[in-house]
Number of protein chains: 2
Amino acid sequence: MRDDPDFDVRMFLPYLLNQAAEAASLEFQNVYKDRYGMLRNEWRVLFHLGIYGRMTASDIGARAQMHKTKISRAVQRLAERRYLVRTRDEADRRVEHLDLTKMGQKVYSDLRSTARDYDTALVEGLSEEDANRLRTQLIALAARRG
Amino acid sequence: MRDDPDFDVRMFLPYLLNQAAEAASLEFQNVYKDRYGMLRNEWRVLFHLGIYGRMTASDIGARAQMHKTKISRAVQRLAERRYLVRTRDEADRRVEHLDLTKMGQKVYSDLRSTARDYDTALVEGLSEEDANRLRTQLIALAARRG
DNA sequence: AGGTAATAGTTGTATTTGTAACTAACAAGG
DNA sequence: CCTTGTTAGTTACAAATACAACTATTACCT
């Protein structure tokens with residue numbers, strides 16, 4: 001048991017996931033970085049706002065499983081670049097609503113279409129069934145608790 | 001095309017991979033961190049030495065697709081903790097050979113067996129066939145160039 | 001041999017991230 | 001109302017990372 005020769009750490013799922021995630025992120029990272037000077041967390045916040053429309057930082061945190069400090073800083077930078085605007089909620093003044101500006105929406109739309117093309121390239125070679133199963137499995141792993 | 005309503009960024013493969021990788025790494029990260037004060041890069045270097053035996057930093061870099069500065073610093077810390085020893089190659093004095101110490105091997109062996117248990121928990125719910133297909137797909141994604 | 005390029009590995013500095021502590025605003029119970 | 005607790009979001013400081021520049025050594029080429 002202790003020295004199970006049948007377990008090869010090279011097949012360790014967290015390791016494989018990290019390798020694949022890094023490789024897959026690499027190219028697209030350059031897209032939003034070079035085109036818009038954005039960091040990964042900024043792209044994530046941007047695309048959540050693009051999909052869902054108006055959200056608060058906490059909403060984004062819950063959806064994206066991102067820590068609030070990451071979001072806080074991403075929002076700050078996106079606001080500086082005028083990709084989003086912040087509106088304080090007058091009913092509950094702790095809360096801030098975030099909305100993409102016109103410019104932010106254009107950026108989102110451009111990145112989304114680039115992302116779609118890139119995604120297509122990534123699953124090239126997989127059947128549609130395999131690709132869907134892969135996504136489903138990844139979602140299950142991400143949702144896992146405990 | 002530009003605003004393809006059929007492409008949902010939430011299904012974007014790099015995003016799903018990152019979410020899954022982060023979730024999957026989280027727990028195991030605490031194991032090597034709490035038990036041995038190790039960082040992820042150190043664990044990676046350690047396990048490569050555990051699998052392959054004596055290697056150089058460049059060898060590890062090639063296998064693990066890690067940048068040489070990461071390896072350099074990981075090796076430094078592993079050497080400080082006496083988990084590995086460095087031996088200069090007398091034929092080519094630029095090169096340094098890395099070997100796990102007895103202690104390093106014990107740590108590796110402990111972490112490996114914990115990793116195996118954790119891996120089993122992660123693929124719980126998947127058939128053996130599905131789990132193998134998943135690993136294969138991840139390896140292919142990691143190997144992808146261009 | 002002598003000069004140029006390549007390779008192994010380290011170090012310096014600027015960014016980024018993680019953790020914890022913080023401010024501000026609201027909620028709830030007495 | 002007033003204390004205690006909770007939630008939204010920010011900030012400060014330590015730790016980690018990326019990238020480029022560096023040293024030392026070997027290889028290549030003429």
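First the proteins, then the strands, lettered A, B, ... as listed; each starts at 1.
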Legend entry - Nucleotide D/dT7, atom P - distance to NZ of A/K68 in whole Å: 10 Å

Inset, instruction - Enter the distance from B/R86:CZ to B/Q76:CD here, rounded to the nearest 0.5 Å. - result: 6.0 Å

Inset, instruction - Measure from CG on B/D34 to P on C/dT19 and round the result to the nearest Å. - result: 11 Å

Inset, instruction - Measure the distance from CD on B/Q29 to C1' on C/dT17 and round it to the nearest whole Å. - result: 12 Å

Legend entry - Closest listed nucleotide, where the reference is the side chain of B/E96 and the choices are C/dG9, C/dA25, C/dT16: C/dG9

Inset, instruction - Measure from NE2 on B/H97 to P on C/dA8 and round the result to the nearest Å. - result: 12 Å

Inset, instruction - Kindly say whether the aromatic ring centers of B/Y15 and A/F47 come within a distance under 6.0 Å. - result: yes

Inset, instruction - Would you check if there is a donor-acceptor pair between the side chains of A/N30 and A/R35 at a distance under 3.5 Å? - result: no

Inset, instruction - Check each of A/D59, A/T56, A/T87, A/D89 against A/H97 using the side-chain hydrogen bond (donor to acceptor under 3.5 Å, both in side chains) test, and report the only one that passes. - result: A/D89

Inset, instruction - Please determine if B/D130 and B/R133 form a salt bridge, counting it only when a charged side-chain N lies under 4.0 Å from a carboxylate O. - result: yes

Legend entry - Side-chain donor-acceptor contact under 3.5 Å, B/N41 with B/R77: no

Inset, instruction - Could you give me the CA-CA distance, side-chain angles and deciding distance for A/V31 and A/W43, then say whether side chain to side chain contact (heavy atoms under 4.5 Å, CB included) is met? - result: CA-CA 10 Å; A/V31 175; A/W43 153 242; over 6 Å; no

Legend entry - Near-ring test A/F12/B/F28, centroid separation under 6.0 angstrom: yes

Inset, instruction - Can you figure out which of D/dT26, D/dT10, C/dT16 approaches the side chain of B/R93 most closely? - result: D/dT26

Inset, instruction - Specify the separation, in whole Å, of atom CZ of B/R94 and atom C1' of D/dT25. - result: 5 Å

Legend entry - Comparing A/A91 and A/H67 on DNA chain C - which has the more 5′ nearest nucleotide: A/H67

Legend entry - Any residue of residues 42-61 of chain A with a heavy atom less than 4.0 Å from an atom of DNA chain D: A/T56, A/A57, A/S58

Inset, instruction - Rounded off to whole Å, could you give me the NZ-to-P distance for the A/K33 and D/dT17 pair? - result: 16 Å

Inset, instruction - For B/R40, answer base if it contacts any base atom (sugar-phosphate contacts may also be present), sugar-phosphate if it contacts only those atoms, and nothing otherwise; contact means non-hydrogen atoms under 4.0 Å. - result: nothing

Legend entry - Atom pair distance, as rounded to whole Å: CE in A/M66 and C1' in D/dG9: 14 Å

Inset, instruction - Using atom CG of A/D89 as one end and atom P of D/dA8 as the other, report the distance to the nearest whole Å. - result: 12 Å

Inset, instruction - Flag this pair as yes if the NZ/CZ of B/R112 is under 6.0 angstrom from the six-membered ring centre of A/F7 and inside a 45 degree cone about the axis; otherwise no. - result: no

Legend entry - Within residues 70-85 of chain B, residues whose heavy atoms come under 4.0 Å of DNA chain C: B/S72, B/R73, B/Q76

